[in-house]
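One structure is given here, and the rest of the page talks about it.
Residue numbers start from 1 in every chain, and the chains themselves are labelled A, B, ... in the order their sequence lines are given, proteins ahead of strands.
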Protein chains: 2
Amino acid sequence: MNLATSSTGPVRATMDDVARHSGVSLKSVSRVINGEPHVSATLRAKVEAAIAELKYVPDAAARSLAGSRTFIIGLLLDNPSPNYTMKVQKGVYDAVRAHQYHLRIDNVDSSVPDDEFSAQLEALVRNSRCDGFVLTPPLSDNLLLLDFLDQSGIRYVRIAPALEKSRGSGIVIDDAAAAAAMARHLWDLGHRRYAIMRGPTAHMAAARRRDGFIEELKRLGLEHPVIEIDAGFSFEGGIRAGDSLLASGLRPTAIFAGNDDSAAGVMAACSKAGLKVPDDISVCGFDDSWIARSVWPYLTTVYQPIEEMGHAAASLLLRRDEPESALHRLDFHLVVRDSTAPPPQA
Amino acid sequence: MNLATSSTGPVRATMDDVARHSGVSLKSVSRVINGEPHVSATLRAKVEAAIAELKYVPDAAARSLAGSRTFIIGLLLDNPSPNYTMKVQKGVYDAVRAHQYHLRIDNVDSSVPDDEFSAQLEALVRNSRCDGFVLTPPLSDNLLLLDFLDQSGIRYVRIAPALEKSRGSGIVIDDAAAAAAMARHLWDLGHRRYAIMRGPTAHMAAARRRDGFIEELKRLGLEHPVIEIDAGFSFEGGIRAGDSLLASGLRPTAIFAGNDDSAAGVMAACSKAGLKVPDDISVCGFDDSWIARSVWPYLTTVYQPIEEMGHAAASLLLRRDEPESALHRLDFHLVVRDSTAPPPQA
DNA sequence: TTGTAAGCGTTATCAC
DNA sequence: GTGATAACGCTTACAA
């Protein structure tokens, strides 16, 4: 009963079959498949007819063995936020499939010692090549990784790079400007006492957000210093940071968190402390990821087109005519929801 | 300046190099690589030394062209919850890498008409084979998909199947028993008026949870009927369902949601309505996914080992000696946190 | 236990 | 424009 199901399935046509069926040479079929020039319309039509009739599909393994392409794009992952990661992955996936490519996932752990990290990379790359990697933060700013890829001659595109932006290509938004926009939003509401929840130190884009936020406030005329606390990029980190902030007795009227996950944590800490968001205190995040609408009140945040960024990164990788290095800047915008409001009357 | 980086990188050793270097035949090297029997210890040692020295790694494309394996496992995804998906993916990834395999992602959309869905599958499978698929819910119960895979002779393992469990292999927990445990927890707290948030209809495991929950309550002697509302498996669905429940004037003292995402939505709806969780109303979920700790109060839920389930599924696929069909049951357990408490005094 | 030879299904080289 | 023919790096008969 299972003999049938354990077979290889229906026999697939090969390029040879197509060649015979259409009465042309193997090489001509290959030319048609790969859209090479110097093919007469007649020949092309014949071949395409045969391909359709035989339901021929090129074999990926044979192609990559003989040729120089693997038809695989690798997505390098090391991000703590499932929301962010899934969005990037979706964008990369769609772009890759649109080009008949496949998406391979490669997790790495960049928190280990350097030599161990290098060993991870070696193992990944050595045993199966791909036509390029999409790098997600914080890996986009991992110099060890960049060096490795450059030395190996492997193409890559970085999502949200903040360091050495001329290496490889990159897809970014203007993190500093986005944070500045958030600063203006809070300022306009009347806030004058701020706290900021910093992201992980390896995440350079997080640092840009912090800088952009504080600079803008200074320009607006802020007098009090901004309280700064490390919150990582996780809900847990946010709740811890929120707890310690509120326990300290310092009372900002607005808190800017480096991403939505930590913002949600801060909101939870406020609830615990008996503070109502946004009546008693305003909280805002960054990303407009899925969690921004998974909390109550809905989070005021910065929308960044994460899925599109993944899509753009992969598309760039798939265009072989792309210039060696280019930075593509996508648009962000403020999303004002319910977690920010004017400060309470003193 | 970029000439170097666009090259193929360092030259890789081939099996031929290893053979020459160790003074044995090509076939012997192949035997060692594949762990085939009938190899003397001396020969194996020689070959392994050469492999190490030359840093030889087999070429995946050549292997799959010549042999019958592709060294790729595909993960079929169509789940709305990023939390769930990332956990499964992590588990599958780790298992796959432990066997020197690679993980390929394949998103499908099962909400389209049947013929369109079939076309998606054809396109996916035709142009690059893999050694097997891990199916995640709700795809695990998609009969069209199962038929397609069976007909194509492609191996697969289903995560959390609820229908036709004898098809392929499956990794499950006892959803009904888990829901029953939750029912007892709420009953013991003193609740007597319940609402349940149902999952998507295609998600059969969700139906099992509903049945298990209600049956257990009946056995315990419940008098009032359980209010039932469809909430999908998303935060949005949960908040909508919660809104309409509370607007209806019906006042259960405890709400059981089919997964954590919808449970979080319900909690938000309660907050909006001015109800305090758990003082005024208890809410609980299912999965113990990451969002269970991303809400305040932390969610009482059922832990199911999602990552291990992914790991087990992939491992099963990678064991070629596995019996054709087997159901592997993993353990769940109740996680009592802060969102459930005794009902308010009448 | 070990080795030889013949593919696997493409792309690349070089004639025609 | 088109077509032989040789790689590509490995596995799988089949011998020895």
Side-chain angles (χ1 to χ4, degrees), chain A residues 8-48 50-51 54-72 100-101 126-129 131 320, chain B residues 8-48 50-51 54-72 100-101 126-129 131 320:
Chain A
T8 323
V11 189
R12 292 167 30 132
T14 99
M15 215 157 117
D16 226 46
D17 298 329
V18 177
R20 250 196 312 272
H21 199 84
S22 50
V24 303
S25 79
L26 207 61
K27 180 60 197 170
S28 292
V29 179
S30 176
R31 286 202 180 91
V32 172
I33 301 265
N34 293 299
E36 287 172 33
H38 311 307
V39 185
S40 73
T42 347
L43 193 151
R44 158 162 287 125
K46 269 195 296 189
V47 170
E48 281 170 346
I51 289 179
L54 268 43
K55 291 188 180 177
Y56 166 73
V57 183
D59 181 277
R63 290 234 275 187
S64 54
L65 177 56
S68 52
R69 298 184 288 173
T70 63
F71 300 93
I72 294 170
Q100 307 277 54
Y101 267 60
R126 284 239 161 222
N127 105 8
S128 161
R129 251 181 314 292
D131 292 349
R320 319 201 81 194
Chain B
T8 322
V11 189
R12 292 167 30 131
T14 100
M15 214 158 117
D16 227 47
D17 298 330
V18 177
R20 253 195 311 271
H21 199 84
S22 49
V24 303
S25 78
L26 205 63
K27 177 60 200 173
S28 292
V29 178
S30 175
R31 287 204 177 89
V32 171
I33 300 265
N34 293 300
E36 286 170 36
H38 312 306
V39 184
S40 72
T42 346
L43 192 151
R44 158 161 287 125
K46 268 195 296 190
V47 171
E48 281 171 345
I51 289 178
L54 267 42
K55 292 189 178 176
Y56 167 73
V57 183
D59 180 278
R63 289 234 277 186
S64 54
L65 178 55
S68 52
R69 298 183 289 172
T70 64
F71 301 93
I72 294 172
Q100 306 276 54
Y101 268 60
R126 283 241 161 222
N127 101 10
S128 162
R129 251 183 312 293
D131 293 349
R320 319 200 80 194

Separation between CG (B:Asp17) and CZ (B:Arg12), nearest 0.5 Å, reads 11.5 Å
Heavy atoms only, 4.0 Å cut-off, all strands: where does B:Tyr56 land among base, sugar-phosphate and nothing? sugar-phosphate
So B:Asn34, base contact, sugar-phosphate only, or nothing? Heavy-atom distance under 4.0 Å. sugar-phosphate
Taking atom [atom2] of [N] as reference, at what distance in whole Å does atom [atom1] of [X] sit?
X       : N      : atom1 : atom2 : answer
A:Asp16 : D:dG3  : CG    : P     : 13 Å
A:Glu36 : C:dT13 : CD    : P     : 11 Å
A:Ile33 : D:dT2  : CD1   : P     : 16 Å
A:Lys46 : D:dT2  : NZ    : C1'   : 11 Å
B:Arg63 : D:dC8  : CZ    : C1'   : 16 Å
B:His38 : D:dA13 : NE2   : P     : 15 Å
A:Asp59 : D:dC10 : CG    : P     : 17 Å

Is A:Asp59 salt-bridged to A:Arg63, going by a charged N under 4.0 Å from an acidic O? no
Are B:Lys27 and B:Glu36 close enough for a salt bridge, meaning some N to O gap below 4.0 Å? yes
Minimum side-chain heavy-atom gap B:Asn34-B:Ser30 below 4.5 Å: yes
Answer yes or no: is there a side-chain heavy-atom contact under 4.5 Å between A:Asp131 and A:Ile72? no
Nucleotides 3-8 of chain C: protein proximity per nucleotide (B base, S sugar-phosphate only, - neither; heavy atom, under 4.0 Å): BB--BB
Backbone N/O of A:Val24 and side chain of A:Ser28: donor-acceptor pair under 3.5 Å: no
